[in-house]
Amino acid sequence: MSDFEYANAPESKAIANIAPNYGLFIGGKFVDPKKGKSFSTINPATEELLSKVGYGDKSDIDAAVRSARAAYTKIWSKMPAKERGKYLYRIARIMQERAREFAVVETLDNGKPIRESRDTDIPLAAAHFFYHAGWADKLEYAGFGSKPKPLGVVGQIIPWNFPLLMLAWKIAPALAAGNTVVLKPAETTPLTALLFAEVCQQAGLPDGVVNIVTGDGITGAALVNHPDINKVAFTGSTEVGKAIARSISATKKSATLELGGKAANLVFEDAAIDEAVEGIINGIFFNQGHVCCAGSRLIIQENVADEVLEKLKKRMSLIRVGDPMDKNTDLGAINSKEQLNKIEEISKTGDAEGANRWSPDVKLPTKGFWYPPTIFTGVTQSHRIAREEIFGPVLSVLTFRTPSEAIEKANNTMYGLSAGIWSDKGAKVLWAAKQLKAGVIWSNTFNKFDPASPFGGYKESGWGREGGRHGLAGYLASEAKVNK
Ligand code: NAI
Ligand code: MG
């Protein structure tokens with residue numbers, strides 16, 4: 001008990017005007033699914049029903065792809081690039097105007113703290129549209145040849161961990177490059193994508209340029225296998241990514257795949273320890289650890305390990321877990337019962353294989369899906385918790401004695417999405433960064449994102465890059481093949 005307790009500071013739900021039912025967004029209108037099926041989306045912090053959304057099947061996907069093709073052929077591919085850019089600017093500005101509403105809906109549907117949806121997800125999503133709006137009429141000066149051409153119709157499938165932000169990562173570059181899209185949101189977090197559909201209407205975006213079909217993996221597979229899409233852009237599990245790669249292998253479709261990770265966060269003996277502790281906390285507990293680039297393997301130099309762990313535990317005891325709508329909350333709800341089961345299952349193997357579990361004393365709400373911030377020490381490289389993506393607030397701690405051992409351990413993974421280096425010595429940071437097999441490497445910080453910076457992985461973390469000039473290349477006909 002500290003002298004001063006935090007008073008509750010709940011954000012109001014009043015701004016979120018969630019409809020009881022949503023159709024599919026096809027051809028600029030909300031339409032009922034052809035078979036009339038729907039599914040529920042709930043608030044994972046309370047298990048309350050938020051809305052029923054349309055379940056799209058193969059025939060709905062076909063209608064959406066046709067609408068995207070017609071919009072591509074008749075309108076979007078003929079429109080001067082400058083005009084395309086104007087629509088993207090308009091969308092970005094409307095997202096900013098409606099930012100509070102988006103943040104509330106995201107937090108209700110996903111379970112993430114309002115502080116994160118308000119300060120990270122929504123501003124970054126708008127930033128992606130602003131950034132790509134600027135590219136729309138400059139593609140011919142960007143080293144893609146004198147007349148860069150779009151691919152056509154792109155099928156996009158996104159996960160539930162950053163619903164609106166992943167939508168922005170997908171839709172903004174695709175439209176800037178002159179493509180039209182069919183996007184399938186994740187089944188547990190469809191609402192901000194449907195709100196985005198309203199934004200497209202509000203911006204006067206020509207009908208069919210953006211189509212949004214809600215559903216599950218079957219809906220996603222129908223999109224991947226539709227014969228008239230030119231590219232698949234996917235973010236999600238490595239398992240589904242591999243299935244997608246197999247199903248498009250004998251086709252002309254190109255792909256970008258953003259898959260899993262098991263990032264190493266390396267703390268050297270000369271690091272500024274207090275800052276490193278903040279970075280470790282941000283690396284693994286941001287967004288409940290539902291982050292593909294989460295710093296889920298902490299690898300500390302042995303002679304500072306005790307100090308780091310002591311400070312880390314003290315800091316973890318200050319994490320406020322609970323109501324995601326409270327502006328004080330640091331760690332919100334786990335996104336779904338399935339994900340909670342997965343976190344529990346893999347974490348239990350940590351106990352069984354002999355690692356030592358520690359969590360601060362936190363009181364978890366009785367309703368909804370929750371997991372306390374957790375660390376495992378005494379982890380070895382063969383433990384499942386050191387190898388597999390847990391995708392939750394669970395940190396595995398390993399140690400090293402020499403810098404080369406640190407690199408070896410860091411690279412001993414099937415993934416290679418991100419890594420972190422904590423050291424006061426610039427030369428050591430550069431030395432380590434050169435050898436780490438990871439797409440993004442942060443030095444003395446973690447989980448920092450910018451639309452201008454390419455993001456993507458090595459090995460089983462995926463194909464291609466998203467963001468920046470590199471990401472744009474994946475949406476242009478002359479360049480996209482490099483992604484396959
Ligand atoms: P998932 O990969 O099954 O789902 C991601 C998206 O793909 C969803 O929209 C889903 O409907 C769609 N999908 C599922 N099966 C498909 C198929 N056969 N063809 C086309 N689309 C398909 O991920 P899930 O089940 O939600 O999470 C499982 C695990 O995957 C998590 O525990 C986590 O470890 C990992 N994951 C990693 C993410 C990342 O960003 N790296 C994001 C989400 C999950
Ligand atoms: Mg939900």
Side-chain angles (χ1 to χ4, degrees), residues 18 39-53 55-56 61 105-112 155-163 165-167 169-170 182-194 212-226 229 232-248 255 257-263 287-294 296 324 332-346 368-369 387-392 394 415 417-418 439 455-457 460-462 466:
I18 299 175
F39 63 102
S40 303
T41 185
I42 62 162
N43 177 346
T46 60
E47 298 175 58
E48 281 160 354
L49 176 71
L50 292 172
S51 182
K52 291 208 157 216
V53 303
Y55 178 82
I61 288 288
V105 174
E106 198 74 303
T107 283
L108 291 174
D109 204 14
N110 172 282
K112 65 174 71 202
Q156 306 184 312
I157 298 167
I158 54 172
W160 42 262
N161 53 344
F162 294 94
L165 183 57
M166 289 301 102
L167 173 150
W169 279 33
K170 297 277 180 283
V182 177
L183 176 119
K184 195 206 78 69
E187 44 272 54
T188 56
T189 54
L191 293 182
T192 45
L194 296 165
I212 294 173
V213 181
T214 42
D216 61 7
I218 297 173
T219 318
L223 180 55
V224 169
N225 293 318
H226 194 287
I229 59 163
V232 179
F234 171 79
T235 299
S237 63
T238 297
E239 190 192 349
V240 174
K242 285 182 183 175
I244 291 175
R246 277 194 293 275
S247 56
I248 63 165
L257 305 173
E258 299 289 348
L259 310 176
K262 191 76 190 175
N287 204 35
Q288 294 70 245
H290 301 327
V291 183
C292 47
C293 53
S296 53
I334 300 302
N335 179 250
S336 66
K337 184 85 183 93
E338 290 72 36
Q339 189 57 30
L340 180 59
N341 291 344
K342 187 186 160 187
I343 296 169
E344 284 173 345
E345 195 244 322
I346 305 187
F369 316 124
R387 289 184 288 116
E388 289 181 30
E389 186 175 46
I390 303 175
F391 224 61
V394 182
Y415 295 116
L417 195 53
S418 65
F455 183 92
E460 294 198 7
S461 288
E466 289 189 300

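Remember, it's 1-based here, ligands and their atoms both numbered in the order they're listed.
- Under 2.8 Å from the Mg ion (ligand 2) lies no N/O/S atom of N43, from backbone or side chain alike.
- Given atom 16 (C) of ligand 1, the protein heavy atom at minimum distance is V240 CG1, 3.4 Å.
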message: Before you tell me yes or no, could you show the steps for Q156 and M166 under side chain to side chain contact (heavy atoms under 4.5 Å, CB included), namely the whole-Å CA-CA distance, both residues' side-chain angles and the distance that decides it to 0.1 Å?
response: CA-CA 10 Å; Q156 306 184 312; M166 289 301 102; over 6 Å; no
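- At least one donor-acceptor pair closer than 3.5 Å links the side chain of Q288 to the backbone N or O of G332.
- Residue-ligand proximity: G260 is placed with a non-hydrogen atom under 4.0 Å from ligand 1.
- Distance check on atom 3 (O) of ligand 1: some protein heavy atom falls below the 4.0 Å cut-off.
- Interface atoms of ligand 1 facing P159, defined by a heavy-atom separation under 4.0 Å, are 42 (C), 43 (C).
- Here the side chains of K242 and R246 are in contact, with some heavy-atom distance below 4.5 Å.
- Atoms of ligand 1 lying under 4.0 Å from any heavy atom of C292, numbered from 1 in the order shown and given with element: 39 (C), 40 (O), 41 (N).
- Residue L49 qualifies as enclosed at atom CG: its count of foreign heavy atoms under 6.0 Å is above 12.
- Heavy-atom minimum distance, E389 versus I346: O-CD1, 3.8 Å.
- More than 12 heavy atoms of other residues, nucleotides or ligands lie within 6.0 Å of CD in E344, so this atom counts as buried by the packing criterion.
- Every atom of ligand 1 with a heavy atom of T235 under 4.0 Å away is listed here by number and element: 40 (O).
- Within the 2.8 Å limit, I42 places at least one N, O or S atom next to the Mg ion (ligand 2).
- When side chains are defined from C-beta on, N110 counts as touching P163, because their heavy atoms get closer than 4.5 Å.
- Only backbone heavy atoms of D216 (N, CA, C or O) come within less than 4.0 Å of ligand 1; its side chain stays farther off.
- Residues F234 and L223 have side chains not in contact (no heavy-atom distance under 4.5 Å, counting atoms from C-beta outward).
- Taking each heavy atom of S461 and G261 in turn, the nearest pair found is OG-CA, 4.2 Å.
- Counting heavy atoms from C-beta outward, V224 and I248 have side chains that approach closer than 4.5 Å.
- Interface of I157 with ligand 1, defined as ligand atoms under 4.0 Å from a residue heavy atom, comprises 6 (C), 7 (O), 9 (O), 12 (C), 20 (C), 21 (N).
- Residue E187 touches ligand 1 through its side chain alone, judged by heavy-atom distances below 4.0 Å.
- For atom 34 (O) of ligand 1, the closest heavy atom belonging to the protein is K342 NZ, 2.7 Å.
- K337 and E47 are not joined by a salt bridge, as no carboxylate oxygen comes within less than 4.0 angstrom of a charged side-chain nitrogen.
- For atom 38 (C) of ligand 1, the nearest non-hydrogen atom of the protein is F391 CZ, 3.4 Å.
- The I158 neighbourhood of ligand 1 comprises atoms 6 (C), 8 (C), 9 (O), with distances under 4.0 Å to a heavy atom of that residue.
- In this structure a side-chain-to-backbone donor-acceptor pair under 3.5 Å is present from T107 to K112.
- The protein heavy-atom contact nearest to atom 1 (P) of ligand 1 is S237 OG, 3.6 Å.
- Partner of N335 under the side chain to side chain donor-acceptor pair (under 3.5 Å) criterion, out of N161, T188, D109: T188 alone.
- When only non-hydrogen protein atoms are considered, atom 41 (N) of ligand 1 lies nearest to L259 O, 2.8 Å.
- At a heavy-atom distance under 4.0 Å, only side-chain atoms of N161, from C-beta outward, approach ligand 1.
- Of the polar atoms of V224, none of the N or O atoms is found under 3.5 Å from an N or O of ligand 1, judged by distance alone.
- Aromatic pair F162/W169: centroids not less than 6.0 angstrom apart.
- Set against the non-hydrogen atoms of W160, the atoms of ligand 1 under 4.0 Å away are 24 (P), 26 (O), 27 (O).
- Here A221 has heavy atoms under 4.0 Å from ligand 1 in both its backbone and its side chain.
- Atoms of ligand 1 found under 4.0 Å from any heavy atom of A186, numbered from 1 in the order shown, are 9 (O).
- In this structure, the side chains of H226 and V182 stay at 4.5 Å or more apart for every pair of heavy atoms.
- For atom 13 (N) of ligand 1, the closest non-hydrogen atom of the protein is G217 CA, 3.6 Å.
- Rounded to 10°, the angle that OG1 of T41 and O of T188 form at the Mg ion (ligand 2) is 80°.
- By the 3.5 Å distance cut-off applied to N or O atoms, E389 is counted among the residues near ligand 1.
- Less than 4.0 angstrom separates some heavy atom of Q339 from each of these atoms of ligand 1: 31 (C), 32 (O).
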